[in-house]
Every structure is written in C-alpha cells, then in structure tokens.
Amino acid sequence: MSDKTPDFTETPLSSKTVYRGKLLHVLEDEVRLPNGRSARREYIRHPGAAVMVPLTDPETVVLVRQFRYPLARHFYELPAGKIDSGEEPLQTAKRELREECGYEAAEWRHMATIHPCIGYADERMEFYLARQLNHVGHAPDEDEFLEKVTVGFAEALRWVRVGKITDQKTVIGLLWADRVSREGW
C-alpha cells in the first residue's frame, strides 16, 4: 500500500457568471480533471454564516420562528446570519444575536465549522455556543419577520427527533451544543 495520498485536484480553465444576486453568486466553470479531460462545474459562491446556540440557562435555548419562502412554510431555527464582507464570524454572531433575539452574551465558544453543500456551494457555517445572556432589546432587519421562541433544551432536541425541527443548521447546532454540554464547557 502506498503512503502517497492521491491528488484529485481540478484546475480551473475558464469561469463565467451565470447569476449575481444580493446574496448568491452562481458560476459555471470549465475545469481540467486529474485524468486530463475537461468538465463543467456549476456552483454557488456564498459569503458564509454564523449560527448561534443561545442558552438563557443550561436548560433553555432561544430559537426563532420564521417563514422560509422556498419551502413556503414556517420553521423553528437557531438564530443565524450572513457574514458581511470584512467581518469576522464572531462579530456576525454577536450582531445577529442582538438583531434577531435582543441578547448579548458574556460567554462565547466556537463549536464547529460546517460546509453544508460541498457539491455545489462554497458556503461555510461557523457555530457558536452563547451563554450568560443579557436582554438588551432586538432590532431585526426591516425585511426580516421573526418570532423569538424560548424552549427547553431537551424539548428542542425532542423537536429534532419528531421532525418539528428539520433545518439542518439547527439540527447540527443543537446536537453540537448537546455534545459540548455533556463534555463540559
């Protein structure tokens, strides 16, 4: 058995913008494959997001409930937001926690980095556990309509098991927070 790990790197040959929106940038590239052939790759550039698991106490988590247009229904989610250009992910987390939920946290812990759609997007999600919350009043974006929902942490995990929470960032964040709480802060 060889100690050398195979390199399957694809080399870009050309790139064109298919769509550029406020949030997403869709591209189509031609690439050179490791075997010398060429192929097309369609993918999305995304600025990334920060996701917070805000705990008002060790037994209680703050979620938001909001309508998601692509699926035409309301979802229970962890608060999250797009990382603005030049902004550090923790800055995003702090800003979004205040805007969406009206809290500031005295303690922050980075839990994980997740790439949710590696087959067609470069998006990354930075997950944070936020504790010792202080309510300071929220100020959602003018085009953002959401309800802050405080729920027992065990109940939120039950919602995952029974399918009441299906949003992937929320499932991942709650499961990571559960693991971190079991292992100690």
Student: So do L23 and P47 actually touch side chain to side chain, heavy atoms under 4.5 Å?
Tutor: yes
Student: Count the heavy atoms belonging to other residues, nucleotides or ligands that lie under 6.0 Å from CZ of R179, then report whether that count exceeds 12.
Tutor: no
Student: If you group Ile, Leu, Val, Met, Phe, Trp and Tyr by side-chain heavy-atom gaps below 4.5 Å, do F75 and V53 land in one group?
Tutor: no
Student: Going by heavy atoms in the side chains, are L78 and L174 under 4.5 Å from each other?
Tutor: yes
Student: Verify the neighbour count for atom CD of E42: are there more than 12 heavy atoms of other residues, nucleotides or ligands below 6.0 Å?
Tutor: no
Student: Can we say E77 and K169 salt-bridge, meaning some charged N sits less than 4.0 Å from an Asp/Glu carboxylate O?
Tutor: yes
Student: Are any of the side-chain nitrogens in K82 or E96 under 4.0 Å away from the carboxylate oxygens of its partner?
Tutor: no
Student: Go through it in stages, so that I can follow the logic: the residues are K16 and E30, the test is salt bridge (charged side-chain N to carboxylate O under 4.0 Å, His left out), and I'd like the CA-CA distance, side-chain angles, deciding distance and then a yes or no.
Tutor: CA-CA 9 Å; K16 72 176 182 179; E30 184 176 348; over 6 Å; no
Student: Specify the closest pair of heavy atoms between T170 and Y76, including all atoms of both residues, with the distance to one decimal.
Tutor: OG1-O, 4.1 Å
Student: With a 4.5 Å cut-off on side-chain heavy-atom distances among I, L, V, M, F, W and Y, is there a chain of contacts connecting I165 to V51?
Tutor: yes
Student: Looking only at non-hydrogen atoms, find the nearest pair between P116 and Q168 and report the distance.
Tutor: CB-NE2, 3.0 Å
Student: If you compare all heavy atoms of A130 against all heavy atoms of A105, which two are closest, and at what distance to 0.1 Å?
Tutor: CB-CB, 3.8 Å
Student: Above 12 or not: heavy atoms from other molecules or residues under 6.0 Å from CG of L24?
Tutor: yes
Student: How about Y120 and I44: do any of their side-chain heavy atoms sit closer than 4.5 Å?
Tutor: yes
Student: Considering only heavy atoms from C-beta outward, does the side chain of E147 approach that of V64 to under 4.5 Å?
Tutor: no
Student: Got a sec, which residues hit side chain to side chain donor-acceptor pair (under 3.5 Å) with R73, two or more places apart in sequence or on another chain?
Tutor: T166
Student: First locate atom CZ of R65, then atom NZ of K148, and finally report the distance between them rounded to the nearest 0.5 Å.
Tutor: 15.0 Å
Student: In Å, rounded to the nearest 0.5 Å, how long is the span from CD1 of I118 to OH of Y43?
Tutor: 15.5 Å
Student: Quick one, V151 with T60, criterion side chain to side chain contact (heavy atoms under 4.5 Å, CB included). Give me CA distance, side-chain angles, the key distance, then yes/no.
Tutor: CA-CA 6 Å; V151 64; T60 311; over 6 Å; no
Student: Mind checking whether E100 and E144 have side chains closer than 4.5 Å, heavy atoms only?
Tutor: yes
Student: Evaluate side chain to side chain contact (heavy atoms under 4.5 Å, CB included) for D122 paired with H46, printing each intermediate quantity in order.
Tutor: CA-CA 6 Å; D122 67 352; H46 186 287; 4.0 Å; yes
Student: Going by heavy atoms in the side chains, are L129 and W108 under 4.5 Å from each other?
Tutor: no
Student: Any carboxylate oxygen within less than 4.0 angstrom of a Lys/Arg side-chain nitrogen, looking at D84 and R95?
Tutor: yes
Student: How long is the span from the CG atom in L133 to the OG1 atom in T56, to the nearest 0.5 Å?
Tutor: 6.5 Å
Student: Quick check on E88: does its CD atom have over 12 non-hydrogen neighbours (other residues, nucleotides or ligands) under 6.0 Å away?
Tutor: no
Student: Counting N and O atoms only, with roles assigned by atom type, does the side chain of R32 sit under 3.5 Å from a partner on the main chain of G36, one being a donor and the other an acceptor?
Tutor: yes
Student: Which heavy atom of T92 sits nearest a heavy atom of G81, and at what distance?
Tutor: CG2-O, 3.6 Å
Student: I'd like to know if the side chain of H115 and the backbone of C117 have a donor-acceptor N/O pair within less than 3.5 Å.
Tutor: no
Student: Keeping to residues at least two apart or across chains, list the ring pair (Phe, Tyr, Trp, His ring centres under 6.0 Å) pairs with something in residues 47-67.
Tutor: F67-H74
Student: Apply side chain to side chain contact (heavy atoms under 4.5 Å, CB included) to the pair S38 and V31, showing each step before the final yes or no.
Tutor: CA-CA 5 Å; S38 63; V31 300; over 6 Å; no
Student: Can a salt bridge be assigned to the pair R124 and E126 using a cut-off of 4.0 Å between side-chain N and carboxylate O?
Tutor: yes
Student: Are W176 and F153 connected, step by step, through hydrophobic side chains (Ile, Leu, Val, Met, Phe, Trp, Tyr) whose heavy atoms are closer than 4.5 Å?
Tutor: yes
Student: Is it true that, when you exclude E155 itself, more than 12 heavy atoms of the residues, nucleotides or ligands shown sit nearer than 6.0 Å to its CD?
Tutor: yes
Student: Atom CZ of F145 and atom CD of Q66: how far apart are they, to the nearest 0.5 Å?
Tutor: 11.0 Å
Student: Applying the 4.5 Å side-chain criterion to the ILVMFWY set and letting contacts propagate, would I83 and Y128 be lumped into a single cluster?
Tutor: no
Student: What closest approach, in Å, do L63 and W159 show between heavy atoms, and which atom pair accounts for it?
Tutor: CD1-CZ3, 4.0 Å
Student: For E28, is there an ion pair with R41 - N to carboxylate O distance below 4.0 angstrom?
Tutor: no
Student: Using a 4.5 Å cut-off on heavy atoms from C-beta on, say whether the side chain of Y103 contacts that of P54.
Tutor: no
Student: Does some side-chain heavy atom of L175 sit less than 4.5 Å from a side-chain heavy atom of L157?
Tutor: yes
